[in-house]
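Lettering follows sequence order; numbering is per chain, from 1.
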Protein chains: 2
Amino acid sequence: MSVTIYDVAREANVSMATVSRVVNGNQNVKPATRKKVLDCIERLGYRPNAVARGLASKKTTTIGVIVPDISKSYYAELSRGIADIATMYEYNIILSNSDKRPTREVELFEDHLGKQVDGVIFMSDSLSDEIRKEMATANVPVVLAGTLDAGTNLPTVNIDHEDAAYQAVKKLIENGHKRIAYVSGPLSRDINRLCKKVGYEKALKEANLPLIDEYFIETNNTYDDAYEKWKLIRDLDERPTGIFAGNDEIAVGIMNGLRDDGLSVPDDIEMICFQHTLLSRVVRPQLSAVVVPLYDLGAVSMRLLTKLMNGEEVDDVSVILPHRIEERQSTK
Amino acid sequence: MSVTIYDVAREANVSMATVSRVVNGNQNVKPATRKKVLDCIERLGYRPNAVARGLASKKTTTIGVIVPDISKSYYAELSRGIADIATMYEYNIILSNSDKRPTREVELFEDHLGKQVDGVIFMSDSLSDEIRKEMATANVPVVLAGTLDAGTNLPTVNIDHEDAAYQAVKKLIENGHKRIAYVSGPLSRDINRLCKKVGYEKALKEANLPLIDEYFIETNNTYDDAYEKWKLIRDLDERPTGIFAGNDEIAVGIMNGLRDDGLSVPDDIEMICFQHTLLSRVVRPQLSAVVVPLYDLGAVSMRLLTKLMNGEEVDDVSVILPHRIEERQSTK
DNA sequence: CTGAAAGCGCTAACAA
DNA sequence: TTGTTAGCGCTTTCAG
């Protein structure tokens, strides 16, 4: 079949142990021997079998990444950050989509463990008790990326979503708005319920503005749903004059609805949102937004995971990345 | 350490072969024995080691996916199609980004082979001789997804880009346009150079319209570049009245440039493009476009790969998926 | 600096 | 229906 370490050993007149040493860069090999072995490797086209290596060494240099849906640019961007750092540390990635279904998440997690991954990066809206238990009993490190750990004390990389939301809404308040709506993603996502919404409310309270139920709109995070939900706002007796949107796809849905009703941004209504995609910059008017460093979220998660996998001491397993607000055309 | 097939065998008072049989659903096991074994597996929390299994069986139920950049929604969507079918057939995916760099592509390909993947799905702009050679000598099947195989005869899944471009341009011609520009992605991408451009030219020729050099604009596929390149069109003595764009991101760049110069779509200029993302539907005016079935491209590629991996007879290894044009607001 | 040998956890003949 | 026994290709002591 294909050439093994044994073939190389025979060809080079050394033991397989020696071949193994040169392949693994072990220094205890006489240069002349090394060269001879290297030549044979080249000549025979030997390529180490990572599966055999994994079995013998109990390390696969592969990590698992469990993501809700890679086709969403939010996760795609984050995954790219993970992948680049993984490459840097010579890890491969097994990538699986969970669609946020708890049973599927558990299945995938166990599946990845079965494949003997050296670590896992996990993303989801919310952690079920089952997946928590899995993670707690797993024999490899797990890092949550852009995923709230409301409960246990798992390694996590995130931004301060509450503060970001607070700052965004505050911006609207500073611009003189008294009636500010929040068009949110699903509250089933911990970050929406426990962070962004709280930040929104905090900003209003601080400015002595009332919390109005009708000004809180939940969407399923899609453009189409947001476009429809705009009508709820439009039909209000006292329409808000500022809108804070959970992300840019929602914001564009709202903005298009609004425009199709003859209103304009920012003249009639000012908007600000979280930026997850290119959309914010590409639509007109361009959206003022909290820029979420998705790539970095992924990259830092992976970096953290490498430390954990190496058994390095990590001072703080919960890292918060900075965010910033970029003002564009949807606010004045 | 963790529990092995051997522990289960001992606990259940059977041989490891029997445990292996029940784990693998082999029917040659007495129901009573099966139950006993299953109980022990449950009780001990046994989880088969896929690495050991892979070494023994020479199958890893893992495939490699090499993609230029997963953060691009084009590839993310395609990958999701691959992933869903992979899940259906119980394969895992090792996903790597090549950034289209030929040396990197070769490295990744070899790396994946080293990990003993059972097959590879490959995406790129163009196939270098080196990667062709790798693929030809690989001992596992390879499928090209959305990637032109200009040369060899590798299994491929694609749409007919030439026809799609032809139809799109024809639409513009039918709407009465005589001066039609094509804003393309990089010509280093085979599909752009060998298919779309050819389709564009064919439509013009057929209508006896001249091929004008200035009406062909190459971009690097980004919004920003397209936005800049608009100026080239704007400054033409005889400005085109119809624009065919290589994808929606390019189209939006052009359209924003155009609008910032006080022109309007479709009144001053009609546009049509290839749709790769949500963008086409979300911008105003919505873009008329060739809808590219990215998800299906991925799904069908994976399905084809499963057949190849199973050694099934495949009548045609080059499959062409249908496309359709969706007319929206950027054409009349 | 090099080699021999014992696994890693499982599959797959082959026997029984 | 079940058990025995070779490996799969490599890493890793342990000797020398």
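Using a 4.0 Å cut-off, no side-chain N or O of T18(A) falls inside it from OP1 or OP2 of dT2(C). For dT1(D), the OP1/OP2 oxygens have no side-chain nitrogen or oxygen of T33(B) closer than 4.0 Å. For K58(A), a side-chain nitrogen or oxygen approaches OP1 or OP2 of dG9(C) to under 4.0 Å.
For the pair R104(B) and E107(B), the salt-bridge criterion is met [side-chain N within less than 4.0 Å of a carboxylate O]. A salt bridge links R43(B) to E11(B): at least one charged side-chain nitrogen sits closer than 4.0 Å to a carboxylate oxygen. A salt bridge links D99(A) to R80(B): at least one charged side-chain nitrogen sits closer than 4.0 Å to a carboxylate oxygen.
Y75(A) OH to I70(A) CD1: the interatomic distance, rounded to the nearest 0.5 Å, is 10.5 Å. Separating the OH atom in Y91(B) from the CD1 atom in I94(B) is a distance of 13.5 Å, to the nearest 0.5 Å.
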Nucleic acid footprint by protein, nucleotides 10-16 of chain D - heavy-atom cut-off 4.0 Å, B for base, S for sugar-phosphate alone: BBB----
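Other residues, nucleotides and ligands contribute at most 12 non-hydrogen atoms within 6.0 Å of the NZ atom of K72(A).
Direction of the helix axis in the helix from dC1(C)-dG16(D) to dA16(C)-dT1(D) shifts by 30° between the two five-pair termini, rounded to 10°.
For the side-chain contact (heavy atoms from CB on, under 4.5 Å) test, residues two or more places apart in sequence or in another chain that qualify with N310(B) are E312(B).
Between the T147(A) side chain and the A145(A) main chain, a donor and an acceptor come within less than 3.5 Å of each other.
Residue L55(A) contributes atom CG, which lies 12 Å from atom P of dT11(C) at whole-angstrom precision. Whole-Å rounding puts the Q116(A) CD to dG9(C) P distance at 9 Å. The distance from atom CG of N28(A) to atom P of dG3(C) is 13 Å, rounded to the nearest whole Å.
No contact: V51(A) has no heavy atom under 4.0 Å from any strand.
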